[in-house]
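Notes follow once the structure below has been shown.
On a predicted model such as this, the values are computed, not experimentally measured, just so you know. Throughout, protein chains are lettered first and strands after them, A, B, ... in sequence-line order, and every chain is numbered starting at 1.
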Amino acid sequence: MGSENKKLNDSFFQRDRLVVAPELVGKLLVHQLPSGERLSLRITETEAYGGAEDTACHAHRGRTPRTELLYGPAGVIYVYLCYGIHWLLNIITGEEGSPQGVLIRACEGAEGPGRLTKALGITGALNGGRLSDGILTVVDDGMRCEIVPDRRVGIGYASEEDQARLWRFKMGKNLSSVE
DNA sequence: TTAGTGATATCC
DNA sequence: GATATCACTAAA
């Protein structure tokens, strides 16, 4: 068959978050556990964050130790603990020095940012790592689907203008004949 | 609707 | 040092 499992490299993530976020939908997220076990789930929902004008982005209020990663090179894994309970998974995109990234919001069978990381066993231990390390990778298995844009959620503190942006991308109709 | 949970940022 | 806030989820 023509479908090859292609691991996405850093150059994929070096583009703008608004290009990367929709393209990540439908890809496979693969986590290699320390135990040797391998978990993989298909990404169904992402959100783009970043840019100087985005008041919803963590980095908007200034460069701090926590947001430092957002300014770093693409392909870096940014895991952040939210509400003391949930790990949220992001991947840094764009050029170094430009604070931006993509939040992986949901996977097949794990709807919601907190559930996703729980299902894949992702914790702060991965924070600051790189996709090229091979622990956590994104794979294109050839699956194609419709992309449905929507407003971002959970960012009530951002400006109305930023809340209205259609920077959330969900999986739509499956366009592949096989999965 | 609200409780739970802990890191981070901001204020004294 | 203290408080407020948060890109969430589950339970009621």
Determine whether Val138(A) and Leu33(A) fall in the same hydrophobic cluster, where Ile, Leu, Val, Met, Phe, Trp and Tyr are linked whenever their side-chain heavy atoms lie under 4.5 Å apart.
yes

To the closest 0.5 Å, what do you measure between OH (Tyr49(A)) and CG (Leu103(A))?
5.5 Å

Rounded to whole Å, the CH2-C1' distance (Trp87(A) to dT9(C)) equals 16 Å

Between the side chains of Arg130(A) and Asp10(A), is the shortest nitrogen-to-carboxylate-oxygen separation below 4.0 Å, so that they form an ion pair?
yes

Between CD on residue Glu108(A) and CD1 on residue Ile43(A), distance to nearest 0.5 Å:
11.0 Å

Tell me whether the guanidinium CZ or amine NZ of Arg15(A) lies under 6.0 angstrom from the six-membered ring centre of Phe12(A) and within 45° of its axis.
yes

Does any non-hydrogen side-chain atom of Arg105(A) lie less than 4.5 Å from one of Thr46(A)?
no

Min and max contacting nt of DNA chain B in 5' to 3' order, chain A heavy atoms within under 4.0 angstrom, are dG4(B) to dT10(B)

Checking Gln163(A) side chain against Gly156(A) main chain: does a donor-acceptor pair fall under 3.5 Å?
yes

Return whichever of Lys118(A) or Ile155(A) has its heavy-atom-nearest nucleotide of DNA chain C closer to the 5' end.
Ile155(A)

In whole angstroms, how far is the C1' atom of dT9(C) from the CG atom of Leu89(A)?
17 Å

In this structure, how many angstroms lie between the C1' atom of dC6(C) and the CD atom of Gln163(A), rounded?
14 Å

Every stem of 3 or more Watson-Crick or G-U pairs under 3.5 Å that DNA chain C joins, in order of first number, is B:1-4 with C:8-11, B:6-11 with C:1-6

Does the side chain of Arg61(A) get closer than 4.0 angstrom to OP1 or OP2 of dT5(C) through an N or O atom?
no

Decide yes or no on side chain to side chain contact (heavy atoms under 4.5 Å, CB included) for Asp162(A) and Arg152(A), but give the supporting numbers first.
CA-CA 9 Å; Asp162(A) 282 330; Arg152(A) 292 181 291 178; 4.1 Å; yes

Out of Arg115(A), Lys27(A), Arg168(A), which one pairs with Glu45(A) under the salt bridge (Lys or Arg N to Asp or Glu O under 4.0 Å) rule?
Arg168(A)

Starting from the C-alpha separation in whole Å, work towards a yes-or-no answer on side chain to side chain contact (heavy atoms under 4.5 Å, CB included) for Thr117(A) and Leu88(A).
CA-CA 7 Å; Thr117(A) 51; Leu88(A) 269 61; 5.8 Å; no

Evaluation steps, side chain to side chain contact (heavy atoms under 4.5 Å, CB included), between Thr55(A) and Ile155(A)
CA-CA 9 Å; Thr55(A) 56; Ile155(A) 52 165; over 6 Å; no

Quick check on contacts: within residues 12-29 of chain A, what sits under 4.0 Å from DNA chain C by heavy-atom distance?
none

With a 4.0 Å cut-off on heavy atoms, is Arg152(A) in touch with a base, just the backbone sugar-phosphate, or nothing at all?
nothing

Gap between atoms NE2 and C1', on His60(A) and dT5(C) respectively (whole Å):
17 Å

Within this structure, what is the CD1-to-P distance between Ile122(A) and dC8(C), rounded to whole angstrom?
16 Å

Under 4.0 Å between any heavy atoms, over every strand shown, what does Ile85(A) touch: base, sugar-phosphate, or nothing? Just pick one.
base

